[in-house]
Amino acid sequence: DSGLWGVLTLEYFKKMLWAYDYLYLWDTAFLPWGERDARWIHDRTFACLNWLFLQWCDIVILACNTASAHAIRNRQSIYPHKKVLSITIPGVEAIHDAHFHHVALLATQATIRAGIYQSVASRLFPDQHIQFQTIIGTGLVEAIEAWANDKEIQKLLDPLLSQCSPAIEAIVLGCTHYPLMSHAIQQRMENHFSVSLPLIDPGRQSANQFAVYLDHHPEIAANISTWWTVRYCVTGDASLYDKKIEELFARKVSCEHSII
């Protein structure tokens, strides 16, 4: 992921699949990705993927929706013998499984511009005719990375969520940062529309579905190392993120500075 909060996706995976070894890479030196142009995001995503494969990663999960949106279409042609999985597909599958037809997609500008959720939905579930109302989460990533308080977050959310159509049945949290605001989003929706809408977290859905995937493919699970280790690699200031992980999860870690 590009920022700290992709670590929530890692936590989902660790909770479901606790025995495996993990390497978490966050590209904080270039945060945020969501406002970058498509070519830059594509090239940076594949630079990070190349680095992860050099670290002997067997499977890579693209926790960043923005990265997924710009790599999902050609990742298998570039890495035919590697497994690069996106969290966007499980997110769309969750919409399908819940039989939703009208959802709001709260995401970064780059993710919305790429149209990846709409593309996946029309390809996998053409008969469901899922309609997306897209809402660009202006300023949300920067505010969360800066540990903004509740009042500041609510000030940013109000004009965004007020755009939601009354027909909306659920909100897709189309950025790994946004689950941190789940309570605030629910509260604002109740204030605006007097309803509590379901929130779809693609990161959580990905962990659930990957656990099922490994159950059905024991030959793949058998090749993943199981030493219960986690490496945290950061392209920015590693010591800063040591402290943030300790504050979040009450455990000490030693982040590695990585040059990519």
For this session: Could you tell me whether the side chains of Asp21 and Thr229 share a donor-acceptor contact shorter than 3.5 Å?
Result: yes
Exercise. Does the side chain of Ser258 pick up a donor-acceptor pair with the side chain of Thr235 at under 3.5 Å?
Worked result: no
Exercise. Using 30° and 60° as the class limits, which term best fits the ring planes of Phe46 and His42: parallel, tilted or perpendicular?
Worked result: tilted
Problem set entry | same_hphob_cluster(Ile168, Met189) at 4.5 Å side-chain heavy-atom cutoff | yes
For this session: Answer with yes or no after comparing the ring centroid distance for Tyr241 and Tyr232 against a 6.0 Å cut-off, counting only values under it.
Result: no
For this session: Test Leu140 against Leu160 for side chain to side chain contact (heavy atoms under 4.5 Å, CB included), laying out the working first.
Result: CA-CA 10 Å; Leu140 294 179; Leu160 301 178; 3.8 Å; yes
Exercise. Are the side chains of Met16 and Phe210 in touch, meaning some heavy atoms are under 4.5 Å apart?
Worked result: no
Problem set entry | Salt bridge Asp158-Arg188, side-chain N to carboxylate O under 4.0 Å | yes
For this session: Return the minimal non-hydrogen interatomic distance between Cys57 and Val60, and the atom names on each side.
Result: CB-CG2, 4.3 Å
Exercise. Between Phe53 and Trp51, is the ring centre distance below 6.0 Å?
Worked result: no
Exercise. Would you say Ser206 and Phe13 make side-chain contact, with heavy atoms under 4.5 Å?
Worked result: yes
Exercise. Quick check: does any side chain N or O of Tyr24 sit under 3.5 Å from a backbone N or O of Gly6, one acting as donor and the other as acceptor?
Worked result: yes
For this session: Report, as yes or no, whether the 6.0 Å neighbourhood of atom CG on Asp150 holds more than 12 heavy atoms from other residues, nucleotides or ligands.
Result: no
For this session: Using the rule that two of Ile, Leu, Val, Met, Phe, Trp, Tyr join whenever any of their side-chain heavy atoms come within less than 4.5 Å, decide whether Leu105 and Ile89 are in one cluster.
Result: yes
Side-chain donor-acceptor distances from residues 171-185 under 3.5 Å, at least two apart:
from: Thr176; atom 1: OG1; to: Asp1; atom 2: OD2; distance (Å): 2.6
from: His177; atom 1: NE2; to: Glu145; atom 2: OE2; distance (Å): 2.8
from: Ser182; atom 1: OG; to: Pro179; atom 2: O; distance (Å): 2.8

Problem set entry | Centroid-centroid under 6.0 Å between Trp33 and Trp40 rings | yes
Exercise. Just checking, is any N or O donor in the side chain of Gln209 or Glu93 under 3.5 Å from an acceptor N or O on the other one?
Worked result: yes
For this session: State whether Glu11 and Lys14 are salt-bridged, where the test is any N-O pair (Lys NZ or Arg NE/NH1/NH2 against Asp/Glu carboxylate O) under 4.0 Å.
Result: yes
Problem set entry | Any donor-acceptor pair under 3.5 Å from Gln128 side chain to Phe125 backbone | no
Problem set entry | Step-by-step side chain to side chain contact (heavy atoms under 4.5 Å, CB included) determination, Leu214 to Ile224 | CA-CA 10 Å; Leu214 290 183; Ile224 306 175; 4.2 Å; yes
For this session: Tell me whether Ile245 is reachable from Leu10 by hopping between hydrophobic residues (I, L, V, M, F, W, Y) whose side-chain heavy atoms are closer than 4.5 Å.
Result: yes
Problem set entry | Exercise: do Tyr12 and Asn208 side chains pair donor with acceptor under 3.5 Å | no
Exercise. Is the shortest distance from a Lys or Arg side-chain nitrogen in Arg231 or Glu256 to a carboxylate oxygen in the other one below 4.0 Å?
Worked result: yes
Exercise. Would Gln133 and Ser165 count as having a side-chain donor-acceptor pair, cut-off 3.5 Å?
Worked result: no
